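The structure under discussion appears below in the form of C-alpha cells.
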There are 6 protein chains.
Amino acid sequence: MNSAELFEDVVHLPDPKGQADYERLVGLDEYKERLVKETLLLVDPELLRNWNKEHHRGELVALDHFAARPSLFVLAGDVGTGKTALARSFGNEVAKRARVQVHLYALSLSARGSGAVGEMTRLISSAFQQVRDAVSKSRGMDGRSGRGIILLIDEADALAQSREAAQMHHEDRAGVNALIRGVDDTAAERLPIAIIMCTNRLDALDPAVRRRAAAVFEFRRPTRAQRIHVLRESLRGSDITEPELESLGEATGEMPGHQYGFTYSDLTQRLVPSIVLDAFPDRPLAGARAIEIARRMRPTPPFRENGHVRSLGGSNV
Amino acid sequence: MNSAELFEDVVHLPDPKGQADYERLVGLDEYKERLVKETLLLVDPELLRNWNKEHHRGELVALDHFAARPSLFVLAGDVGTGKTALARSFGNEVAKRARVQVHLYALSLSARGSGAVGEMTRLISSAFQQVRDAVSKSRGMDGRSGRGIILLIDEADALAQSREAAQMHHEDRAGVNALIRGVDDTAAERLPIAIIMCTNRLDALDPAVRRRAAAVFEFRRPTRAQRIHVLRESLRGSDITEPELESLGEATGEMPGHQYGFTYSDLTQRLVPSIVLDAFPDRPLAGARAIEIARRMRPTPPFRENGHVRSLGGSNV
Amino acid sequence: MNSAELFEDVVHLPDPKGQADYERLVGLDEYKERLVKETLLLVDPELLRNWNKEHHRGELVALDHFAARPSLFVLAGDVGTGKTALARSFGNEVAKRARVQVHLYALSLSARGSGAVGEMTRLISSAFQQVRDAVSKSRGMDGRSGRGIILLIDEADALAQSREAAQMHHEDRAGVNALIRGVDDTAAERLPIAIIMCTNRLDALDPAVRRRAAAVFEFRRPTRAQRIHVLRESLRGSDITEPELESLGEATGEMPGHQYGFTYSDLTQRLVPSIVLDAFPDRPLAGARAIEIARRMRPTPPFRENGHVRSLGGSNV
Amino acid sequence: MNSAELFEDVVHLPDPKGQADYERLVGLDEYKERLVKETLLLVDPELLRNWNKEHHRGELVALDHFAARPSLFVLAGDVGTGKTALARSFGNEVAKRARVQVHLYALSLSARGSGAVGEMTRLISSAFQQVRDAVSKSRGMDGRSGRGIILLIDEADALAQSREAAQMHHEDRAGVNALIRGVDDTAAERLPIAIIMCTNRLDALDPAVRRRAAAVFEFRRPTRAQRIHVLRESLRGSDITEPELESLGEATGEMPGHQYGFTYSDLTQRLVPSIVLDAFPDRPLAGARAIEIARRMRPTPPFRENGHVRSLGGSNV
Amino acid sequence: MNSAELFEDVVHLPDPKGQADYERLVGLDEYKERLVKETLLLVDPELLRNWNKEHHRGELVALDHFAARPSLFVLAGDVGTGKTALARSFGNEVAKRARVQVHLYALSLSARGSGAVGEMTRLISSAFQQVRDAVSKSRGMDGRSGRGIILLIDEADALAQSREAAQMHHEDRAGVNALIRGVDDTAAERLPIAIIMCTNRLDALDPAVRRRAAAVFEFRRPTRAQRIHVLRESLRGSDITEPELESLGEATGEMPGHQYGFTYSDLTQRLVPSIVLDAFPDRPLAGARAIEIARRMRPTPPFRENGHVRSLGGSNV
Amino acid sequence: MNSAELFEDVVHLPDPKGQADYERLVGLDEYKERLVKETLLLVDPELLRNWNKEHHRGELVALDHFAARPSLFVLAGDVGTGKTALARSFGNEVAKRARVQVHLYALSLSARGSGAVGEMTRLISSAFQQVRDAVSKSRGMDGRSGRGIILLIDEADALAQSREAAQMHHEDRAGVNALIRGVDDTAAERLPIAIIMCTNRLDALDPAVRRRAAAVFEFRRPTRAQRIHVLRESLRGSDITEPELESLGEATGEMPGHQYGFTYSDLTQRLVPSIVLDAFPDRPLAGARAIEIARRMRPTPPFRENGHVRSLGGSNV
C-alpha cells in the first residue's frame, strides 16, 4: 500500500484556500493559538530555550516535561462544529509564522485495512514510518527542521477505539497498540510532527491514547452571535435586513423541541441552500421567507455520547 | 462485477410510464418540486447564477454554500408511502424541463457483496466510478451536462447503517466509509449526480451519511382525503357512491385497535384486490360489501423505529 | 444443485389423494375459496376482464391494482392447524375448476444452502428461475397459461426471517433480498405462479416480505365442534356413542392447566393412536377408556410468539 | 464416515444381558408396554388389522391415523432415571414376542460432525439411509418385516435443539431439518423403525421435532419404595436388616437441604460403592454405617430446566 | 502430537519427593484414604472379592455396582487448598501399599488443541488411548495389573465445561463428548485407571461429566488450627513463640473486610516469604513484625462461583 | 519472530538515565525496596542462606517456601501513577547493589500475535525461552548468576486476561496457559528472573496468574504533598512562590466535579507544558496564571474498574 492509499491526501501548506479557511473559523481563537504555538515549537525547539533564557534562572525542568510529551492533540466535539476544518487549516498559520513548509498528512480510514491478520498494525506502522521519513529528509544541520508535519487522524475513534469495549476485535486492539507505539516513538525522538485526532466520540477513544494527549480541545455548536455572523456573510448581497438576521439567529438556536441549536454545517449546507432554492427561479431572497424556512428546519441531533456534554470553557486544554 | 450486477437497472428517462407514475403521486408536491429543482440545477448550474444576477447585488456567498453541498437526498418514511415511487419517477419531470436525458441508476443490494474482505468497499467505489464515467462522457464544452444522473440507493439503511451500532461488522463499516467518500467526491467535483437514498429506518442511517444530506424528506401514510382519492380512482366505473367512499375513507383510517391508518399499498395492493375478488365471478362491486371488507382488514403495522414518529410538516427539508 | 435438491417434491395435480385431503379440511372454507380463486385468475386472467365487462362501466383501475400485486399468500398459525395441508391440497381444486394441470413446487429448506457466501442467494434465485421456466413452457398463444404453478415455502420464517433481528446473519439477509426480488419479478411479469408461505412465526417474517403479501391467512386450533367432528370420523365403526364423543370434545378443549385445546394433529396423531394402542390387542375401543386417555394427555403448547395471539375473524384477508 | 462412526454401536437383540436389564427396570411398566407394543406393530402391521376385524365394524379411520404417525418416541427426564436403560433394553422384549431379530442402532454424537458446512446434514441423512437399508434387506414377500429396527438418539437435545433459541447456529438448524426429514420419510414409507430420543432437556427439543412425537414419556426419580427395592437387591448377602433398609430409603429421599431424592444412579453408582469402600478391607457391611454414609451424601441436583417439573402421572403418553 | 505434548508430564511413582508431599498434606485424611483405596482396588480387583468372601454370604450385587462405576473422582474447591497437591501425590501411597509402579499422566491443557475442527476430540481420544495402551502392556496373566495409572486433568473445567452454557463453542462440546466417551470406555473395560479432575469451578463442570463421578471431594481453606500448624512448621528455628503463632493464626483468618481466611498458598507463598524478606538482610525473624505483616496482607479472594459455598463435612464423598 | 519483535526493547542496566529515573520516583520507597531485594536474592540466593545462618537455628522451612514461589510481581494501579516507571528503573538499583548487569526484557504487546491458531502460545513460550537462555549463558560455576533478568509485561491484562470472562477467546485462553506455564517453570528451576506485570485493571488479571504473584503492589495518585513536590521541581528557576505552589497543590487535588486528583502524568505531561506554553513567547512563568490554568484543567478520569478502589496502605505486599 503506497502513500496514496495510506493517506487521503498530502497537502503542502501554505496555500491560499487553506489560509482563507483558517481565517474564516470564528470563536476558536484559543484553540487556534495553542495548535499554532505547539507546532511552531516542534518545528523550531530553539524558540522555547530562547524564551527560557530570557525570562528565568537556569533551564526549567518544565522544559524537559514539555519536550518529553507526545505532541498529540485531540479535537473532540459534535458534528459540524469545525474540528476538521481547524485541523486541516491551522498549518497555514504555522507555515506563515515559521516560514517553512508544513505538510499535512491526512490518514485514510482505509488504514484500518481489510481485517486481515496483522494488516492494520502494518498499515499504521507504515504510516508513521512515512511521516518520519518525510521529517528526516528535511532536517538541517542545526537541528531545526526544514519542514513541519501534521498527521491528521480524522474520525479517530474508528482507529483508536477504547480497549475497554468488551467486544473489541483482537485485530483492532493490535492496531491501537501500533498507534500508541507510533505516538510514543514520535515523542521519544522529538520529531516535528504534530498528531491531530478528531473525533465526535471522545469517550470512545482508548484511555491509553487519550492519556497521551498533550491537550484535548472540545468544540461546541455556534452561539447565537456566531450563527448570525455566518448567515450575514452568506446572504450579503440580498435585501435581508439586520433585524431579520437577528430573527434567523433566534430561529436556529435551541427550541422547545430540541435542546441544541444548528451546527455550522446545518447553517451552510442545509439552511442557506434551502433558502436559495426556495427563491429560485422567480423571486429574490427575502428575510421573512428565510425565517419561515429556518423555523421549519430542525438541527442535526448531537452524536449520542453517554448523556455527557462537556463545555468548552473548562476543557482539558 | 459489471454494471448489470452493480445496478438493478439503469433506466433512460423520460419514458411514458414513468411520467404517468410521477403524475399519479398525490400529496407530495413539495418534495416533487424540490427534487426536480435540485436535479435541474445539477444539470445546468448556470440557471442559478442567472437567477442571482437578476435578483441580487453581486454573487451571494450562499451560492457557494449551495454548490459545495453533497447533492444527497434522503427519502424516509414508512413502508408503502411512495418514497421509492417518487425516487424512480421524478427524473421524468427533470428530463422534460431540462430537455436532456436523465439516467436512473438503481444500486443493487448485491453491491454489499458477499462479505469478502474489502469487497463491499470495492463494489461501492466501482458503482460511483461508473456513474461518474457516465457523466463525463456527456459533458459538453460549455460545462453544461448533456445528461443528468440519478443514483438511487433504495433500502439505504442496508448499506449506510449507523456506525453507532455496537455490533456493526468491520466490513460494513468500511463500506459505509466508501459510500461517504463517494458522496464527498461527487460534491467536490460538482458532478450532475443526484444521490437519492430511500429508507424506512431513518434512525439507522449512519450519522455521517445523514449529516451530508442536503435534505431529508419524510413520508407519511395517506390522510383521510388522500385515501378517498385513491379509492375513488380505483373503483371508478362501479356503482359505489360518494358517501360509500367516505365510509371507506373512515374504515381505512386509525381505529381503536391500531393507531395508524392504511398505507398507499394497503389500499391498492390489498384492499382493492380483496374487494374485487370478493365480487368475482358473480356479482358487481358493491359499496356495502367493500366497506365490510375494509373494516375486517388491518393496516400494515409501521416499521418499528425507536418509538419515534416524525411528522411531514416540520421535516428537515 | 438440481431441481430434486431445490425442491422437496414437485407434485402434479390433480391427484386423488390430494383432492381427498382438500375435502377433509374442515372449517377453512373462506381460505380455501380465496386461494382457489386467486390461483384460478393467475392461470386465466381473462376471467377477471370478462367479469368486469359484464358488471361495470369500462375497465376498473382496480383491475390494474389487482394484477400488479405479488401473488404471495401467507398462511400463518399454530402448529397442527392445517396450514400445510391446505397449501399442499388446494391446487387440486384449481386444477379441477380450470381444467389445467397445477404443479406444486415445495421449496426445500436446503435452499438455504450451507452458509457459503452467496449460496442462499443463488439457490433462491435458481428456484424462482425454475418455476418461471416451467411456466413459460406451458403458455399458449392466447396468453392463457396451460399450467398453474404453486410455489410452496413451508416454514417460511426460516427463509424470510425479519431483517429487524439484530443478530441476522449477513448471508441470510442477502437471501431474503433474493426472495423479495423473486416475488417482485413474478408480479412484474404477471406469471401464473401463486407463492404460498406457511409459518408459525408470523412476527418473524421480514416486514418487506409480509408487506408484499396479497393476503395473510391466520389459522387457529379446532373448536369444540370441529374436534368432535374429527374424532367421530376417526372412530366410526366402534361402539363409541355420541355422548361419549361430546365428552371427548370437552376433554380435548381448554383446561385449568392449559389455556389452549388440542390441535388437529394432537387429535389424529396422538390421541387417536393412543386410544387404539390401549385397546390393542385384546379389547375393542371403548368410550370410557378413550375419555380417560384424553384427560391424561396434554395438548401441544403453542409456538411461543411474543405473547400475541391473533384471531381468525379479523385477519388480514 | 462409515457405520462404525455414525453409530456408537449396533446391537443385535435379543441378548441375555439386555433381557436382564429390561427385567431389572422397575416402576416403568406403562412405558415398557407401550414401547414394546408400538414396535411390535411396526414389525408386523397385520396384527392391528386383525385386531380391528375382530372387534369393530369395518376398518376404523383411526387405523389410518395410527399408521400415518411418525414412530418417534421421546424419553424425557432427569439424569439417572433409567431413560437410556429402557431405550437400550426394550427391544429384547419385542424380539422375544415377535420372534424376529431387533437391531438397535445408537446414533453417535459425532453425527453432529465437526461443524463443517453441510456436514451434520449429510451425516444425519446418511444415518437414516443406513437404517432404511437395513430394513429393506429384511422385508419379506408378505410385507412383514423380518427384522425390527430401533434407532436410538441419546442426548437428543444435542441434535434436535430448539430452533427458537436465538443463538442457534445455522449449521445446527440445517441438521435439525435433516432430522425432521428423516423422521417424516420413515413415517411416510411406514418402515418398521422405532425412533427413540432420550433427553434431560425436554424444553430444548425443537418444537417441530417434539410435535412429531407419537408419545413423550417422562421419567422421574425413584420413589421411596423403589429406592428400598434397589438397595435391598444390592446389599443382599450382608446382614443389613429390613428396618435398616427402611432408614436407608428415608435417608435417600427429599430432605430440608434438597427438594429431590437420590436418582437410580446415585444409589447404584455412588451410595452403594461408598458403603462397600467404607467397610473394605477390614469390616463387613453394616446397616448403621451405611445409613450414616447415605445421610452425608447429597443427591445429584436435577438438570436445570426453566423451573418447570412435569409429573409422570399426567404425561403426554 | 506425541505424548510429550498431550501430557504435561508423566511421573513414575513412588518417588521420595512425592511421598514427602503426600505426608505433608494435613487435614485431608478422609480424601487421602478414599483415593488410595479406590486406586488400590483398580490395580488389584481381587482384593475386593476376597473381602466379600470373608465377610458376607455369596457375592453382593453391590460389588457389581462398584466395579461398573467410572473410576472418576472430582477434586473441587478454592484456589490454594491442596487439590492438585493431593492429586499429584496420593499415587505414592498406592504404589507403596500395592507394591506396583503407579504412573501419573497429567493431561496438558494444550489437549484442547488450537480450535481446529475435530482437533480437541482427536487429542482427548488420543490421550485416553495412550493411558489404555500403558495399562495393557502391564497386565499380567492373572488379571492383576502390574501398574496403576492416574490420569490427572487439572483445571478440568477448561476441558469439561458445562454444556448448559449457552455460549459453549461447538468444538468444545464435541471435546466434552470425547471426554465422556473416554471415561465410559475406561469403566466398561474396568481398566486400572483412576481419573482425577481438579477444578475450582465445580458448577462449571458438565453435568454429564459430574454425574459420572464416583465421588466429588470438596476442599476448603485451612482452619485456624491448620493455619497455625503450617506457620509453626515454616518458622521453626526462629524465636517466634507459640502465643505469637496463635496471633498469626488469628490474623490470617476471616476479618471484617473479608469473609474468608488465607489459603494454604497465601500462607506459604505470600505471607512467609514476606516475613522473611522483611527481616532480611539485617534482622532475625520476629513475631511482632510477622503479625504486623500478616495483618496488612489480604487473602486471595475465592474464585467467583454463583454465590454458592459447599462445606467439606457434608460433601458428595 | 526474533527477539526484536518479541520484545519492545532489551535494556542493559545500569545506565545513567535509568538510575536518575529511579531516584526521581517519590513516595514509593516500600515498593522500591521490596523489588530490589527480591531481585537481588534471585541473582544471588546465597545471601538468604547466609542471613539465615547468622540469625536462626538451622535452616528455616520458610526459606524453602521463599525459594519455591514464582518470582512474579504485579504492579497495579491507575494510569500515570508510576508503575511502569518503577518497573523499568528499579533494575538499576539491583545492578548497583549486586554489581552485576541486569537485563530488562520488555515483552512486546505483539507477542499476542495476530490471532492465528497457536501463535500466542508459541510466542509467549518463545519469549520465556529467550530469557531463560539469557540466564543460562551467564550462570557461573558457583550457582551465582552473572546476570539478573527482569521480564517486564506491561499492560499485562492484555495478555493475562481473566479466564472468568465469558467472552474470552479460545486463543487467548491458550496464551494465558502458556504464560502460567512460563511463570511456573521459571519458579521450578529457580531462575534469576523477576517477572513484573503492570496493569491498570487488576481485576481483569486471570485468577490463576494473580494467585502466583509473590506480591501485588498497588499504586495511587500522588497526594497533595507529592503533587507540590513534583511541581516545585518542575518550576524551579521561575519566580513562582511557595504559597503559590501550595495553591497549585490544592488546585490539582480532588474537587467537587471530580473525586480524584491529578495523576503524575497529568502534572508533568499536561499541566506543566500548558503553563509553559501559556507564557511563551512573551512572558515569564507566573504563579497566578499557573494556578488559573490548573483550575481550568481536569484530571484524567480513573480507568473504570468495577467501582472498586484499593488503597496502598493495606495492599497485598
Side-chain angles (χ1 to χ4, degrees), chain C residues 8 24 79-80 108-110 112-116 119-120 155 157-158 165-167 169 171-172 200-201 230-239 257 263 265-286 293 295-304, chain D residues 33-34 37-38 40-41 47-48 50-52 54-71 116-122 125 162-164 166-167 169-171 173-174 176-178 180-181 184 187 203 207-208 210-216 310 313-317:
Chain C
E8 278 181 36
R24 209 178 304 139
V79 295
S108 169
L109 269 170
S110 63
R112 288 192 72 173
S114 53
E119 189 180 7
M120 182 174 165
E155 311 211 30
D157 50 279
Q167 307 95 327
H169 192 280
E171 193 56 31
D172 290 347
N200 46 18
R201 297 172 59 210
V230 165
L231 292 170
R232 186 185 295 115
E233 291 305 305
S234 298
L235 305 174
R236 189 185 311 283
S238 73
D239 291 333
T263 66
S265 329
D266 285 340
L267 296 174
T268 58
Q269 293 191 11
R270 296 180 51 244
L271 177 60
V272 166
S274 288
I275 291 170
V276 165
L277 208 62
D278 179 70
F280 171 86
D282 302 323
R283 285 168 289 121
L285 296 182
I293 290 170
R295 285 195 179 131
R296 285 181 51 192
M297 192 173 282
R298 283 183 299 168
T300 303
F303 198 89
R304 267 173 276 170
Chain D
E33 188 62 20
R34 174 75 182 264
K37 269 192 197 174
E38 290 272 11
L40 217 48
L41 291 175
L47 295 172
L48 196 61
N50 294 343
W51 164 78
N52 181 57
E54 186 176 344
H55 293 291
H56 308 102
R57 303 175 302 279
E59 179 140 325
L60 295 173
V61 170
L63 296 206
D64 250 18
H65 289 323
F66 186 92
R69 289 171 324 151
S71 52
V117 161
E119 190 181 7
M120 183 175 165
T121 305
R122 264 197 318 278
S125 302
S162 171
R163 284 172 304 178
E164 291 180 34
Q167 306 96 328
H169 191 280
H170 183 186
E171 193 55 31
R173 214 155 22 192
V176 172
N177 291 336
I180 290 173
R181 177 78 51 86
D184 283 351
D203 287 357
R210 194 167 158 185
R211 173 164 62 88
R212 280 162 170 80
V216 174
R310 322 233 290 205
S315 75
N316 281 2
V317 185

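So that the names make sense, note that chain A is the first sequence line, chain B the second, and so on, each numbered from 1. Bear in mind the structure is a predicted one, so any value in this text is a computation, not a measurement.
- When heavy atoms are compared at a cutoff of 4.5 Å, C:Leu267 does not approach chain D at all.
- Heavy atoms only, all atoms of each residue included: C:Pro281 and D:His55 are closest at O-NE2, 4.0 Å.
- Contact annotation for D:Ala213: only backbone heavy atoms (N, CA, C, O) come within less than 4.5 Å of a heavy atom of chain C.
- To the nearest 0.5 angstrom, D:Asn50 atom CG is 8.5 Å from C:Phe280 atom CZ.
- With chain C as partner, the option from D:Leu40, D:Val61, D:Asn52 having the largest number of non-hydrogen pairs under 4.5 angstrom is D:Val61.
- Heavy atoms closer than 4.5 Å to chain D are found nowhere in C:Asp266, neither backbone nor side chain.
- Using modelled atom types, no side-chain atom of D:Trp51 and backbone atom of C:Val276 make a donor-acceptor pair closer than 3.5 Å.
- Contact of C:Arg295 with chain D is not made at all, since no heavy-atom distance falls under 4.5 Å.
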Practice item. Start with the C-alpha gap between D:Arg34 and C:Asp278, add the side-chain angles, then the distance that decides, and say whether salt bridge (Lys or Arg N to Asp or Glu O under 4.0 Å) holds. Key: CA-CA 8 Å; D:Arg34 174 75 182 264; C:Asp278 179 70; over 6 Å; no
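- Counting all heavy atoms, side chain and backbone alike, D:Ala214 lies closest to C:Arg270 at O-CG, 4.0 Å.
- Taking all atoms of both residues into account, the shortest heavy-atom contact from D:His65 to C:Thr268 is CB-O, 3.1 Å.
- When C:Thr263, C:Asp282, C:Leu271, C:Ile275 are compared by the number of non-hydrogen pairs under 4.5 Å with chain D, C:Asp282 comes out ahead.
- For the 3.5 Å distance criterion, the side chains of D:His56 and C:Ser238 fail to qualify, holding no donor opposite an acceptor.
- Remark: C:Leu277 CG to D:Leu48 CG distance equals 8.0 Å, nearest 0.5 Å.
- Across D:Ala62 and C:Val272, no two heavy atoms sit closer than the pair CB-CG1, 3.2 Å.
- In this structure, CZ on D:Phe66 lies 8.5 Å from OG on C:Ser274, to the nearest 0.5 angstrom.
- Of the two parts of C:Gln269, the backbone and the side chain both hold a non-hydrogen atom closer than 4.5 Å to a non-hydrogen atom of chain D.
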